[in-house]
Amino acid sequence: MPEEVSGGETGRVFRLAYVPGVTPAKWVSVWAERMPGVPLTLIAVPAAEVVGLLRDGGADAGFVRLPIDRDELSVIPLYVETTVVMVPKDHAVAAADEAALADLADDEVLHPLDDTIEWPVRPGLPAFTRPDTTSNAVELVAAGTGLLLVPQSLARLHHRKDLTYRPVPDAPQSQVALAWPTAATTDLVEDFIGIVRGRTANSSRGRTPATPAEKPAQRQPQKPAKKSPGRRTVPTGRKKKGPRPR
């Protein structure tokens, strides 16, 4: 269910979707400080459904995992996640600090239908089934029926005491991005973009700033007239003295 994280009575609400593994807390906290009059509603949504939600107007913006179909959407890539392999704690991979894709060549590797990693070639041996979700795949790993490669945040999300994970540096990586319907780029969306990009509260949010009023020119003090060489300047109001009588 959507979760409202800030209060307000303005009649405006900002709806923010996010996919599993993404933690929007730091951006939501900044929003609550800067926009106390506008409630922000969090909507947890499966990675496979977030694009449809945005296009249908079910959220104003959302954190997605690339690649996605960008038709009708604006996208700002944010960060790339390390890919890890989830294994039972007694698996040989668990004894190393990291693994290579070649190390998994003789293992069955699960490929759930909601996989967020784009694989040119799937690693390992094909598993006996394709689980519907990453959560179901994790259950199969725990049962000893295969391994699973996921972004590190998903491995943390699905942490189990009987499983562990190791980074796989040569595997493709998952990138998290902010997306929103291009035709609905509202002021609130611009505000949230500014927060995600780390702009300050006084930032113009990328809009053309108003030209500041020009300061009136300050009058420069007049410089005293330069004296001509060999001549004295006669002070105003004083007459020149005539020659002294002999």
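Nothing fancy with the numbering, it's 1 onward along the sequence.
Looking at residues two or more places apart in sequence or on another chain, you find a side chain to side chain donor-acceptor pair (under 3.5 Å) between Glu81 and Arg65, Ser153. For Thr182, the side-chain contact (heavy atoms from CB on, under 4.5 Å) test picks out Ser74, with sequence neighbours left out.
Between Thr82 and Pro167, the shortest heavy-atom distance links the atoms CG2-CB, 4.0 Å. Residue Val75 comes nearest to Ala179 through the heavy atom pair CG2-CB, 4.1 Å, listed as atom of the first residue, atom of the second, then distance. Between Ala61 and Leu178 the shortest heavy-atom distance is CB-CD1, 4.1 Å. When all heavy atoms of Leu148 and Pro112 are compared, the pair lying nearest together is CD1-CD, 3.7 Å. Taking all atoms of both residues into account, the shortest heavy-atom contact from Pro20 to Pro46 is CD-CA, 4.2 Å. Here the closest heavy-atom approach between residue Leu42 and residue Pro24 is recorded as CD2-CG, 4.0 Å.
The backbone N or O of Arg15 sits less than 3.5 Å from a side-chain atom of Asp60, completing a donor-acceptor pair. Although no hydrogens or angles enter the test, the distance criterion places no donor-acceptor pair under 3.5 Å between the side chain of Thr164 and the main chain of Ala94. With hydrogens and angles disregarded, no donor-acceptor distance shorter than 3.5 Å links the side chain of Asp56 to the backbone of Gly58.
Using a 4.5 Å heavy-atom cutoff, the side chains of Leu53 and Ile43 are in contact. When side chains are defined from C-beta on, Leu16 counts as touching Phe63, because their heavy atoms get closer than 4.5 Å.
Once rounded to the nearest 0.5 Å, the distance linking NE2 of His158 with CZ of Arg156 reads 13.5 Å. To the nearest 0.5 Å, atom CG of residue Leu188 and atom OG1 of residue Thr185 are 12.0 Å apart. Between the OG1 atom of Thr186 and the CZ atom of Arg12 there is a distance of 8.5 Å, given to the nearest 0.5 Å. Considering CG of Leu110 and CZ of Arg122, their distance stands at 11.5 Å, rounded to 0.5 Å. For the atom pair CG (Asp191) and CH2 (Trp31), the distance works out to 5.5 Å, reported to the nearest 0.5 Å. The structure places CD1 of Ile195 at 10.5 Å from CZ of Arg199, a figure rounded to the nearest 0.5 Å.
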**Item:** Evaluation steps, ring-ring contact (aromatic ring centres under 6.0 Å, His included), between Phe192 and Trp180
**Value:** CA-CA 11 Å; Phe192 192 75; Trp180 67 95; 9.7 Å; no
Would Tyr165 and Val150 count as a side-chain contact (heavy atoms from CB on, under 4.5 Å) here? Give the steps. CA-CA 10 Å; Tyr165 61 86; Val150 291; over 6 Å; no
Test side-chain contact (heavy atoms from CB on, under 4.5 Å) on Ile76 and Val196; report intermediate values, then the result.
CA-CA 10 Å; Ile76 299 176; Val196 170; 5.9 Å; no
**Q.** Worked verdict on Thr83 versus Gln152 for side-chain contact (heavy atoms from CB on, under 4.5 Å)
**A.** CA-CA 6 Å; Thr83 298; Gln152 185 169 317; over 6 Å; no
message: For Arg55 and Asp69: C-alpha separation, side-chain torsions, deciding distance, then whether salt bridge (charged side-chain N to carboxylate O under 4.0 Å, His left out) applies.
response: CA-CA 11 Å; Arg55 286 190 181 134; Asp69 180 358; 3.3 Å; yes
**Request:** For side-chain contact (heavy atoms from CB on, under 4.5 Å), just list the numbers for Ile68 and Leu73, CA-CA rounded to whole Å, side-chain angles, deciding distance to a tenth of an Å, and then say yes or no.
**Result:** CA-CA 10 Å; Ile68 60 170; Leu73 298 178; 4.1 Å; yes
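For the side chain to side chain contact (heavy atoms under 4.5 Å, CB included) with Leu154, the lone residue among Val22, Val84, Thr116 that qualifies is Thr116.
In the hydrophobic cluster analysis, where Ile, Leu, Val, Met, Phe, Trp and Tyr join through side-chain heavy atoms closer than 4.5 angstrom, Leu78 is grouped together with Val64. Linking Ile, Leu, Val, Met, Phe, Trp and Tyr whenever their side-chain heavy atoms come within less than 4.5 Å puts Phe14 and Val30 in one cluster.
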Counting only pairs under 3.5 Å, give me each side-chain donor-acceptor contact of residues 135-142, with atom names and distances, residues two or more places apart or in other chains.
from	atom 1	to	atom 2	distance (Å)
Asn136	ND2	Thr133	OG1	3.3
Glu139	OE1	Arg160	NH1	3.2
Glu139	OE2	Arg160	NH1	3.4

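Sequence neighbours left out, the pairs with a member in residues 95-108 that pass side-chain hydrogen bond (donor to acceptor under 3.5 Å, both in side chains) are His91-Asp107.
In the hydrophobic clustering (ILVMFWY side chains linked at under 4.5 Å, chained through shared members), Leu101 is joined by Val85, Val87, Val93, Leu104, Val109, Ile117, Trp119, Leu147, Leu149, Val168. Grouping Ile, Leu, Val, Met, Phe, Trp and Tyr by side-chain contacts under 4.5 Å, direct or through others, leaves Leu113 on its own.
More than 12 non-hydrogen atoms from other residues, nucleotides or ligands lie less than 6.0 angstrom from NZ of Lys89.
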